[in-house]
Amino acid sequence: MSISKTYLPKEAEEKWYSYWLQHKFFRSVPDDREPYTIVIPPPNVTGVLHMGHMLNNTIQDVLIRRARMKGKNACWVPGTDHASIATEAKVVAMLKERGIGKKDLTRPEFLDYAWEWKEKYGGIILEQLKKLGASCDWDRTCFTMDEELSAAVIDTFIHLYKKGWIYRGVRMVNWDPQGKTAVSDEEVIRKEVNQKLYYIKYNVVPDELSMMSESLATHHSPLTTHYLTVATTRPETIMADAAICINPNDERYLHLHGKKVFIPLIGREIPVILDEYVTMDFGTGCLKVTPAHDLNDYELGQKHKLPVIDILNDDGTLNEKATILIGEDRFAARKKIAVLLEEAGALDKVEEYKSQVGFSERTNAVIEPKLSMQWFCKMDEMAKPALDYVLNGEVKLIPEKFINTYRHWMENVKDWCISRQLWWGQQIPAWYLPNGEYVIAKTVEDALVEAKKLTQNPSLTTQDLKQDEDVVDTWFSSWLWPISVFDGFKDPDNADINYYYPTNDLVTAPEILFFWVARMIMAGHEFRGEAPFKNVYLTGIVRDKLGRKMSKSLGNSPDPLDLIEKFSADGVRVGMLLCSPAGNDLMFDESYCEQGRNFANKVWNAFRLVKGWEVDDKLANPNKIAINWFESRFNQALVEIEDDFAQYRLSEALMATYRLVWDDFCAWYLEMIKPVYLQPIDCETYIRTISFFENILKILHPFMPFITEELWHDELFGGRTEKDCCIVAQLPDNGEVNTHLLNDVETVKLVITQIRNVRNGKQISPKEILSLSVKANSAINYDQFEPVIKKLGNVDSLTKVADKPGGAISFLIATDEFFIPFSENIDAKAETERLQKEKEYLNGFLKSVNAKLLNERFMSNAKPEIIEAELKKKTDAEAKLKILDESLAGLAT
RNA sequence: GGGAGUUUAGCUCAGCUGGUUCAGAGCAUCUGCCUUACAAGCAGAGGGUCACUGGUUCGAACCCAGUAACUCCCACCA
């Protein structure tokens, strides 16, 4: 293998990804091993890879790869979601470009175009995931509108209908005038918007005028004039007003009780009604009641038996019931009517006003409350068990803070509007009879049987039945995902579902906790009697470094594929995880990917070093200290990493790995054992080092699959068989940790650092050899570390002395005194000052320790080991002070 | 309006049951190095009133109360 100076990712990535595919390492079929399963949160078919996907799928791939390397049968099921509104919108847009209107097409024609679109563009996002290294079992790729999955949706609908949990009714729903469909409450995003509050005058009907004119003569108070004023943000809906409502206790308006008023511009008469619902101190205290276009007004209207006047078309334009501005869009109408009102003298004033407006999650259109006939799914009975799974810990949410939000939602859940006025999706299996009745059935044939039963009319034919035009909400198919991808509906006892279900971890965004996660738990319980996963890892939101959410409109999101191009897939994976604290949003910045790339390069170069060594079999001087130390250190890190993974602290697991590799392996271990240039290395050290390297590749692999696989196959590691790949290598078992040795080496590292420090301070080149002597007071046996200290400190000897030698710089490590002799004069004054300063600090430290030890309450309350530690601090400090004093005395002479 | 979370070095974050460590990491910064694996690097260093105010405790970044700022979720005040 050619060893270039830097890691060249492009070739390696293509090579190994296809190698893995070719050898079916991602493929999973049930066997004797323990399964580890993840189902991907299916991205929209309309989607292109964004940073959220990158984070999400990096995490899933790390988990899957690690499980695979722990001997589990790892199965990651990929797929896409048909995303009815979003896709239908795309298809409509595509047709428009070709000069075709949706209205001009029949349903089957439209669906043909939609499938054509899906086949062409629907797989893009999955192809992009491959660039990231995602080790999904692509043979299992599913689509929420695949035949089996769609059948499952229909069966589910029928099942729930039979249970009485699905019903049809006229309700106020969230209407998306752009998508021309109803959407669920969860699909409405509320945003604060700067609006205008229009104060509109409604004249009181003429036969009341005589009374009013008396007060008119005296005062012009708005409370006693012949009109009342209403504040509204939606003046275009006045034509749909059914009443004006005031609070019966509002003393300002007692004179309006039982009166009627004119709607401005159109002059229709509406009553003034009384209800305590109206807040007296908001606006004018007069509320216009528009039952067709506001949920509260609708309920108020129901209560007071008011008519419902719907003045809007499905696309948000005004209809003939508005009588004026017919055909105008609601927002254009709002502006125009303000002018008309102004001209008519009916506009009192306009104020700036901030309020919450609902937007469609999919189309971003302003949602219109609209009364319509829809299908609903009852939630309360399904919510209860789904809540319990989370509360009793059978389903763990990570981080736990989401339990509260989850509980709140589940305890206040409302029925789910599941019908959508779209064509792209599973069509509702309801069949209408000529008389308006309907039956629920899987096929038209089944429906006919039911219909005949229902009507007692044997002459009915399928021609008489008309299927409901609507499709079900996309989430009504994705909530079945963990079951349907294993064909658990058609064949509920098949080998796959029995083996893989329930899955292990679900990795998703908190935004869809209710949309999707909660409903999957409901479906899991209802159809399998078991939650669909054990752990839900909720990732943070990817933001830019200013903390803004990454979005297309802000243009602050980098293209993930560009990042991969620039920093390599491994680099980007590392970059994503480096800045993703568990459970918090991440402030993404390209520099993290750069750090990832640099790390890959570091690994590459460490490899180049080892690769370049010549071995001399005759040498028998293995660096036992270095080997034993690194082995212990590696085993210690393994435990830390395992622990981090167990708690889903992926970025910390990565950081622990990063430090182990960069600091401990490269900066310390390799430097300890590295032979001088062109000198050979002994056999044992060489073999052990290669084995360490192989283990390092293993623990790096989940994070950096490509570079590790690339290096894995180098001849340095001996001949590999075709199937001997890093991706399926088994992680090393935990081994012994010699803490004593680890501690001693930490001290030795300090000694070396101090030597380098002395060099730095005195501007001495690292190449210049120094001498070192030690007056050891601790239990550390420096003899065994002599080779290491000599090599890394570049000193020629480590002499043990009983007294301080003359003309030397000294430093103190723990209670051991080290000396570096210099022929030239030591600056005694500076040295004295340095020692004095240290002494001062130690005295202060000792004082505070003594204060504790003399405190009776401390001595009686603190745990024995704490007291012991304080006592040790005291003796250590005293010993150090003694040494300092001696040094100072020596300097004085 | 209700609820949750966050606030520790310039940045991003650890800090687990209050106690070994005058507070830990990575990046960035500064100083010195092109030392035959790596300048995408090496060696070293500096940098913190743990948001603020009280309280509990022998002892608080950590527990309690309050304050402030930011973030998110939920909610029909026109």
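Remember, it's a predicted structure, so these values are computed and weren't measured experimentally. Hydrogens, waters and symmetry mates are skipped; everything else that's a heavy atom, side chains included, is used.
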Contact class for A:Lys602 (heavy atom, under 4.0 Å): base, sugar-phosphate, or nothing?
base
Of the options B:U71, B:A25, B:A40, whose atoms approach the side-chain atoms of A:Arg659 most closely?
B:A25
Given the P atoms of B:G24 and B:A40, what is the spacing between them in whole Å?
32 Å
Within the structure shown, what part of the strands sits under 4.0 Å from A:Gln763 by heavy-atom distance: base, sugar-phosphate, or nothing?
nothing
Would you mind reading off the distance between A:Leu609 atom CG and B:U35 atom C1', rounded to a whole angstrom?
14 Å
From CG of A:Leu670 over to P of B:A43, roughly how many Å is that when rounded to an integer?
12 Å
Checking all strands, does A:Tyr353 fall into the base, sugar-phosphate, or nothing category for heavy-atom contacts under 4.0 angstrom?
sugar-phosphate
What is the distance, to the nearest angstrom, from the NZ atom on A:Lys762 to the C1' atom on B:A45?
18 Å
Got a second to check how far A:Trp668's CH2 is from A:Leu660's CG, nearest 0.5 Å?
15.0 Å
With a 6.0 Å cut-off on ring centres, are A:Phe665 and A:Phe692 close enough?
no
Regarding A:Asp185, tell me which of base, sugar-phosphate or nothing describes its non-hydrogen contacts under 4.0 Å with the strands shown.
nothing
Pick the C1' atom in B:U17 and in B:U31, then give their distance to the nearest Å.
43 Å
Are A:Glu352 and A:Lys196 ion-paired here, with the side-chain N under 4.0 Å from a carboxylate O?
yes
What does A:Val610 touch in the nucleic acid at a heavy-atom separation under 4.0 angstrom: a base, only the sugar-phosphate, or nothing?
nothing
Give me the ring orientation class for A:Phe607 and A:Phe693: parallel if the planes are under 30° apart, tilted from 30 to 60°, perpendicular past 60°.
perpendicular
In residues 281-295 of chain A, what residues come within less than 4.0 Å of RNA chain B, judged by heavy atoms?
A:Phe282, A:Leu287
Residue A:Asn760, side-chain heavy atoms: nucleotide from B:G44, B:A39, B:A37 that is nearest
B:G44
Gap between atoms CD and C1', on A:Glu671 and B:G44 respectively (whole Å):
15 Å
dist A:Ser860:OG -> A:Asn855:CG (nearest 0.5 Å) comes out at 8.0 Å
If you define the side chain from C-beta out and look only at heavy atoms, does anything of A:Met239 sit under 4.5 Å from A:Ile263?
no
Whole-Å distance separating the CZ atom of A:Phe811 from the C1' atom of B:G44:
14 Å
Under 4.0 Å, counting only non-hydrogen atoms across every strand here, what does A:Asn855 touch: a base, just sugar-phosphate, or nothing?
sugar-phosphate
Just by modelled atom types, is the A:Gly571 backbone N or O under 3.5 Å from a matching donor or acceptor in the A:Ser568 side chain?
yes
Rounded to the nearest 0.5 Å, what's the gap from CG on A:Leu256 to CG on A:Leu228? Could you check?
5.5 Å
Pairwise C1' distance for B:U35 and B:U29, with rounding to whole Å:
24 Å
Interatomic distance where CD belongs to A:Glu590 and P belongs to B:A40 [whole Å]:
17 Å
For A:Phe599 and A:Tyr658, take the angle between the two ring planes, folded into 0 to 90°, and tell me which bin it lands in: parallel under 30, tilted 30 to 60, perpendicular over 60.
tilted
A:Arg857 side-chain N/O to B:C58 phosphate OP1/OP2 under 4.0 Å:
yes
Contact class for A:Arg543 vs. all strands (heavy atom < 4.0 Å): base, sugar-phosphate, or nothing?
sugar-phosphate
Heavy atoms from C-beta onward define the side chain here; which of B:C73, B:G44, B:A78 lies closest to that of A:Thr753?
B:G44
Looking at CG of A:Asp297 and OG1 of A:Thr237, how far apart are the two atoms once the value is rounded to the nearest 0.5 Å?
8.0 Å
What nucleic acid atoms does A:Tyr592 come within less than 4.0 Å of, heavy atoms only: base, sugar-phosphate, or nothing?
sugar-phosphate
Write down the distance separating the P atoms in B:A23 and B:A60, rounded off to the nearest Å.
13 Å
To the nearest 0.5 Å, tell me how far A:Gln302 CD sits from A:Met172 CE.
9.5 Å
Which part of the nucleic acid, if any, lies within reach of A:Lys872 when heavy atoms closer than 4.0 Å are counted: base, sugar-phosphate only, or nothing?
nothing
Distance between the P atoms of B:U71 and B:C16, in whole angstroms?
27 Å
Determine the Euclidean distance between corresponding C1' atoms of B:C38 and B:C33; express it in Å to zero decimal places.
15 Å
So which protein nitrogen or oxygen atoms get under 3.5 Å of nucleotides 4-10 of chain B's nitrogens or oxygens?
none

With the side chain defined as heavy atoms from C-beta on, A:Met655 is closest, among B:G15, B:C27, B:A25, to B:A25
Donor-acceptor pair, distance only, cut-off 3.5 Å: does the side chain of A:Arg759 make one with the backbone of A:Ile764?
no
In whole angstrom, give me the gap between the C1' atoms of B:A9 and B:U49.
13 Å
Would you mind checking if A:Asp294 and A:Lys288 are paired as a salt bridge, meaning a charged N to carboxylate O distance below 4.0 Å?
no
Nucleotide nearest A:Ala667 when distance is taken to its side chain, options B:A45, B:A43, B:A78:
B:A43
Considering only side-chain heavy atoms of A:Arg190, which listed nucleotide, B:G44, B:C76, B:C58, is closest?
B:C76
From the set B:U20, B:G26, B:C72, return the single nucleotide nearest to any side-chain atom of A:Lys873.
B:U20
Students often get this wrong, so: under 4.0 angstrom with heavy atoms, is A:Asn757 touching a base, only sugar-phosphate, or nothing?
sugar-phosphate
Going by number, which of residues 593-600 of chain A have a non-hydrogen atom under 4.0 Å from RNA chain B?
A:Gln595, A:Arg597, A:Asn598
Between A:Glu299 and A:Lys303, is the closest basic N to carboxylate O distance under 4.0 Å?
no
When you compare B:G5 with B:U57, how far apart are their C1' atoms, in angstrom units rounded to a whole number?
28 Å
Just the rounded figure in Å: distance from C1' of B:A78 to CG of A:Asp275.
14 Å
Using OP1 and OP2 only, check whether a side-chain N or O of A:Lys863 sits under 4.0 Å from B:U20.
no
Do we get A:Arg519 above A:Trp416's six-membered ring, with its NZ or CZ under 6.0 Å from the centre and within 45° of the axis?
yes
Picking from B:U35, B:C76, B:U12, the nucleotide nearest the side-chain atoms of A:Cys579 would be B:U12
Could you state the atom-to-atom distance from CH2 of A:Trp662 to P of B:A39 in whole Å?
11 Å
